[in-house]
Protein chains: 2
Amino acid sequence: MTTMDDVARIAGVSGSTVSHVLNGTRAVNERTRFRVLEAIESTGYRRNGLARSLAMQRTQTLGLAISVLSNPYFGSLVNTIEKVASAAGYTIVLADTHDDPEREEQTVNTLLDRQVDGLILAPASSSGGSNEVLDMVRASRTPVVLIDRFQDFPCDQYAPENFEPVRLLASHLLELGHRRIAAITGTRGLSTTIERTAGFIAAMAAAGIDRSAVLVEEGRSTADGGHAAMDRLLGLESPPTAVVSLNNAMTIGVMKSLRQAGLKVPKDVALVGFDDFEWADSFEPRLTTMAQDIESMATQAVQMLLQRIQGSDAPFARESIAPFMRHRNSCGCPD
Amino acid sequence: MTTMDDVARIAGVSGSTVSHVLNGTRAVNERTRFRVLEAIESTGYRRNGLARSLAMQRTQTLGLAISVLSNPYFGSLVNTIEKVASAAGYTIVLADTHDDPEREEQTVNTLLDRQVDGLILAPASSSGGSNEVLDMVRASRTPVVLIDRFQDFPCDQYAPENFEPVRLLASHLLELGHRRIAAITGTRGLSTTIERTAGFIAAMAAAGIDRSAVLVEEGRSTADGGHAAMDRLLGLESPPTAVVSLNNAMTIGVMKSLRQAGLKVPKDVALVGFDDFEWADSFEPRLTTMAQDIESMATQAVQMLLQRIQGSDAPFARESIAPFMRHRNSCGCPD
DNA sequence: CTGAAAGCGCTAACAA
DNA sequence: TTGTTAGCGCTTTCAG
């Protein structure tokens, strides 16, 4: 491979001049400049970003550690992050945590080793108090912002509101007269799961539903998990008349289960879900959901991260993004 | 930041010993080894992957250049690629081409500058003969494999079959008695668009449909585009009785348009689409589609790329991945 | 079993 | 306006 020195030799100048021509970091005589450009052209020289980054102590790179699969919004999330980041001259390095603490530690380590300038992380289940991964990040002094889930850690965090939206969803079902309502819950241990489940329980409690009649089934945040959970619910001697699915993927699984059982939504079972779908307006049943504002979350997260990279020492943000209800007909309300 | 030399000093050994301890690249006395590990622990040392990569001349990094938004399978694609890559010790660097030649050149350049060990590219519209971007890649001697769309260029390529599947889709509608059928086409210029459109035209021609009665409307590969295209079709004095949407996102747009017009699928208009949805089995209308085997495409692509990185000089692969039909009820067939 | 030292390719102070 | 040179932090050959 041609290096900068090769180019310099050919152009009859020093390496530093080539560097400055390339980066526009100091005035260069128009003639020499031209010779350098010519030498670059003729050799097909391409600068080595690694060497550059090593010397400059920054990589213009943002690490994104997230569970690809279990994030229903992965596409728009990445899209938004990429858009904002690349507009600021940053590239995204992606690593999948699989929502598993062990993998998470691994991937975050990889990202940190690669000297990302900043890190966006959707933290995997926090096993209670301290968070080793975040401690590692802190030790590396790499700016970090958490998305999708809050953690008890001093750093910027952007995540959806969970409790209230789910409480609303469940209340809606209650208002429609349902008394036997089930919640299909996500990956155990995630703060989102905990909060959403709490919202459901709270609604049921407020309605005076007997504790023993409150159905909570684990759907592990996946379509298959949701499917299995709904199957279990249908096997009960007194199955629920309404269901609230606590995330996107599980909602699809629940629908599959219901369809296979020959049950119609909302006629036989009412269904509402956390997380919206772009197509939800056009297919029957038209799902009543709580839609998250992913773009806003992602945009804010990246912007804050970029500020931190610039050295901002503003107090840490911890912002709840409020979902909004998409009231359609799967809950049993008329169109 | 602590460097390797700091660790070496503390452990009372040379830098090279620390390096070897870290990488297990040569036998080290158990005692010195321990001292080194201890020094690492005590300092919280983290190795600088940049310096390492620079010295080793490889980054263990794969570049993924793709249009995030316009790829309906982005999620599973990335998921699969990440899975295979990370199993082989590679990290993914993501760059969005936006399916725009200019942006594509930019992003590929970034990736190449960053010294990715290999590149996976979903090429943007080829403006005819030569492909500058691919020439650049070749000049850099970076192994590359193309996905999603074929190009007239000597490198490994994995893309879906387009012509035959669409021909089949259209034929099916023809067999059901439709004579006025429209195709909603994707981004102009993409090979996929061209081939799919050709498949549609071929089916119509074979059925002896008059050329002037063959409806082809541009949907630009987006939901909005599909929506608008369908709106236009509905505005015709003699609107189509059946539609084949040539990609995922557009299918949703078409459904939106139809719903807004108060039309039912398949009763008022039959609809079939290229690209499947995970939820298509559970919502009405249940879409009849051609499902791509993304995982297989992605897996093969990454594996081949890894081989190239290892130095394989096998003849270039150019593999068509055959989609398979998901026959459901949106075409008008009974369940 | 271990260390010295020469790179890897670039940036940026300093000097001219 | 340009060149010299000392790093950036690591790997790896060659000696010992």
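Residue numbers start from 1 in every chain, and the chains themselves are labelled A, B, ... in the order their sequence lines are given, proteins ahead of strands.
Across the protein-nucleic acid pair, A:Asp5 atom CG and D:dT4 atom P stand 11 Å apart, rounded to whole Å. One atom, CZ of A:Arg46, and another, C1' of C:dC10, lie 16 Å apart when rounded to the nearest Å. Rounding to whole angstrom units, CZ of residue A:Arg31 and C1' of D:dT1 are separated by 13 Å. The separation between B:Glu30 atom CD and C:dT2 atom P is 10 Å, rounded to whole Å. Between the NE2 atom of B:His20 and the P atom of D:dG9 there is a distance of 20 Å, rounded to whole Å. For the pair B:Phe34 CZ and C:dC1 P, the computed distance is 18 Å after rounding to whole Å. Spacing between atom CG of A:Leu50 and atom P of D:dC10 amounts to 13 Å, rounded to whole angstrom units.
Between the two ends of the helix from C:dC1-D:dG16 to C:dA16-D:dT1, each summarised by a five-pair axis, the helix axis turns through 40° (rounded to 10 degrees).
For the side-chain hydrogen bond (donor to acceptor under 3.5 Å, both in side chains) criterion with B:Arg47, the lone passing option out of B:Thr3, B:Asn23, B:Thr2 is B:Asn23.
Side-chain atoms of B:Arg52 and base atoms of C:dG7 include no donor and acceptor less than 3.5 Å apart. Side-chain to base pairing of B:Arg26 with C:dT2: one donor and one acceptor N or O lie within less than 3.5 Å of each other. For a distance-only test at 3.5 Å, the side chain of B:Arg9 fails to qualify as a donor-acceptor partner of the base of C:dG3. Side-chain atoms of B:Thr17 and base atoms of C:dG3 include no donor and acceptor less than 3.5 Å apart.
Using a 4.0 Å heavy-atom criterion, one finds that B:Val18 contacts no nucleic acid atom at all.
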Could you walk me through whether A:Asp96 and A:Arg103 pass the salt bridge (charged side-chain N to carboxylate O under 4.0 Å, His left out) check?
CA-CA 8 Å; A:Asp96 196 334; A:Arg103 296 274 282 159; over 6 Å; no
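Considering only heavy atoms from C-beta on, A:Glu104 comes within 4.5 Å of A:Pro123 through its side chain.
Ion pairing between a basic and an acidic side chain is recognised when a charged N comes within 4.0 Å of a carboxylate O; B:Glu30 and B:Arg33 show such pairing.
Looking at which nucleotide of DNA chain C each of B:Thr32 and A:Thr3 is closest to, the 5′-most match is held by B:Thr32.
Taking the six-membered ring for Trp and the full ring otherwise, the centers of A:Phe74 and B:Phe74 sit less than 6.0 Å from each other.
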